[in-house]
Amino acid sequence: MKRTRDSSLPTGFLWGASVAAHQVEGGNRNDWSEWEQAHAEDLAARATRHFAHLLPRWDTVKTEATSPANYISGKAVDHYHLYKEDLAMAKSLGMTSFRFSLEWSRIEPSPGEFDEAALAHYRDVIRTCRQLGIEPFVTLWHWTNPTWLRDQGGWETVKACDYFVRYVSKVVEYMGSDVSFWLTLNEPEVYADFSFRIGEWPPQKHNTALARTVMRNLARGHRRAYRLIKLTNGAARIGVSKHNISLAVDRNMINRLLKFSLDYFWNYYFLRLIRGYQDYIGLNYYMHSRTPFSIKAGHRAHYSDLGWELYPQGLMQVLKGLSGYRLPIYITENGLADATDTYRADYIRQVVHVLERAVEQGIDVRGYSHWSLLDNFEWDKGFWPKFGLIAVDRTTMKRTIRPSAHAYAEIIRHNGTVDRSDNAHDL
Ligand code: BGC
């Protein structure tokens, strides 16, 4: 790709933000919404014990975090009805891409029965994007399942692949010609781990072997969906959103072994399962892990409201690791929970600075999509973590653009950061 004169990022670099259906739409009825109803009281009651000692700004979030209502997605931020307003705001910030997911349970509320109104809705979201000059990145599955699929064993059974392909085939028949970028799956390894190994998320299984089976079924579903979409539209570009972690390394043997196994099982296992079935890599980057022995964060380390270390520098390691696949890379998620908007602008600047250095070193990064456009429902944490470039008052549904979003708009205007010296924007 050709570069503009004053930025190392290529012309046509896509700048956007991401959302996922269940986290923003409201009114969803799926395996998650049922689980929320059953667990909200318990999650609220456990919040203080779980988080008070871990979270840097617990005092500012505890009222929300200890209320059962926080754990029920309910109307979410009503994006299902307000998407036009939300997309207009994205446009006003200069965004050129928007990643969102389709809610399978809306499109196929009972097995084999498709809801025309839901399909028409999503086609209109895509068309609205196009009218605004925004490239839609359409995710087909972002963790939630129709309850009928769950009742038949969900992704634990290989049958899920047949159901997935049937759903994808309907979607592609309906809106395939309007979509250039598909993401079949969001973070299969996070889903398998939290839902089937650690067992914190529905269906709360604690079985490592089962988590592996789920990953393999998801990979099979992806490969079949890939072939199917390609048959319908050979020019479509298809990937998955992959959550990769940067890992601190030192000479300690145990740390090196831990890094090896995290790389093997978390960062690259799924990518190996779908080798040859990706046109680009969708990368979600949030995490830096310091293995248990001896690797300390410097005294200047900062943390998000969720207690995650803010470590934009780690993105370079992740990008270098992925560059071996020789595929274009789009950042499909990156962001932080920051209710007071203290760190978001600097964090974005520093991440973009890393992208610039990566591109200068020959890594083919073509887009950045921030998580998230809007404050939203953060799964088992509910609404208290604020990831939005745009804040949402859930009583009035009023949207307010945060100052960091204006800083991001400035970056978009310049197609990159203005000061690209190595130590600029240290967090
Ligand atoms: C997920 C999002 C989530 C975000 C922040 C990603 O792993 O795809 O759904 O909200 O992280 O935790």
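Remember, it's 1-based here, ligands and their atoms both numbered in the order they're listed.
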Any N186 heavy atom less than 4.0 Å to ligand 1
yes

W379, any N or O under 3.5 Å of ligand 1 N or O:
yes

Heavy-atom proximity to atom 9 (O) of ligand 1, picking from Q23, H243, M287, E333, points to Q23

To the nearest 0.1 Å, how far is atom 12 (O) of ligand 1 from its closest protein heavy atom, and which atom is that?
E378 OE2, 2.5 Å

Applying salt bridge (Lys or Arg N to Asp or Glu O under 4.0 Å), which residue pairs with at least one partner in residues 279-288 are found, sequence neighbours left out?
K230-D279

Show the numbers, then the answer: is there a salt bridge (Lys or Arg N to Asp or Glu O under 4.0 Å) between D341 and R344?
CA-CA 6 Å; D341 210 33; R344 192 173 284 105; 2.6 Å; yes

If the condition is ring-ring contact (aromatic ring centres under 6.0 Å, His included), which residues does W266 pass it with, not counting sequence neighbours?
H243

Taking only heavy atoms of H142, which atoms of ligand 1 are found under 4.0 Å from at least one of them?
1 (C), 2 (C), 8 (O), 9 (O)

Determine, for Y264 and R272, whether the Lys NZ or Arg CZ falls below 6.0 Å from the six-membered ring centre while staying within 45 degrees of the axis.
yes

Sub-4.0 Å heavy-atom contact, W308 with ligand 1:
yes

Top protein contact for atom 7 (O) of ligand 1, by heavy-atom distance
E187 OE1, 2.5 Å

Would W143 count as being in polar contact with ligand 1, using the rule that some N or O on each side must be under 3.5 angstrom apart?
no

Does CZ belonging to R46 count more than 12 external heavy atoms closer than 6.0 Å?
yes

Hey, does the side chain of D305 reach the backbone of A339 with a donor-acceptor pair shorter than 3.5 angstrom?
yes

Would you verify whether the NZ or CZ of R290 falls within 45 degrees of the ring axis of Y311 while also being under 6.0 Å from that six-membered ring's centre?
yes

What is the closest protein heavy atom to atom 4 (C) of ligand 1, and at what distance does it sit?
Y286 OH, 3.4 Å

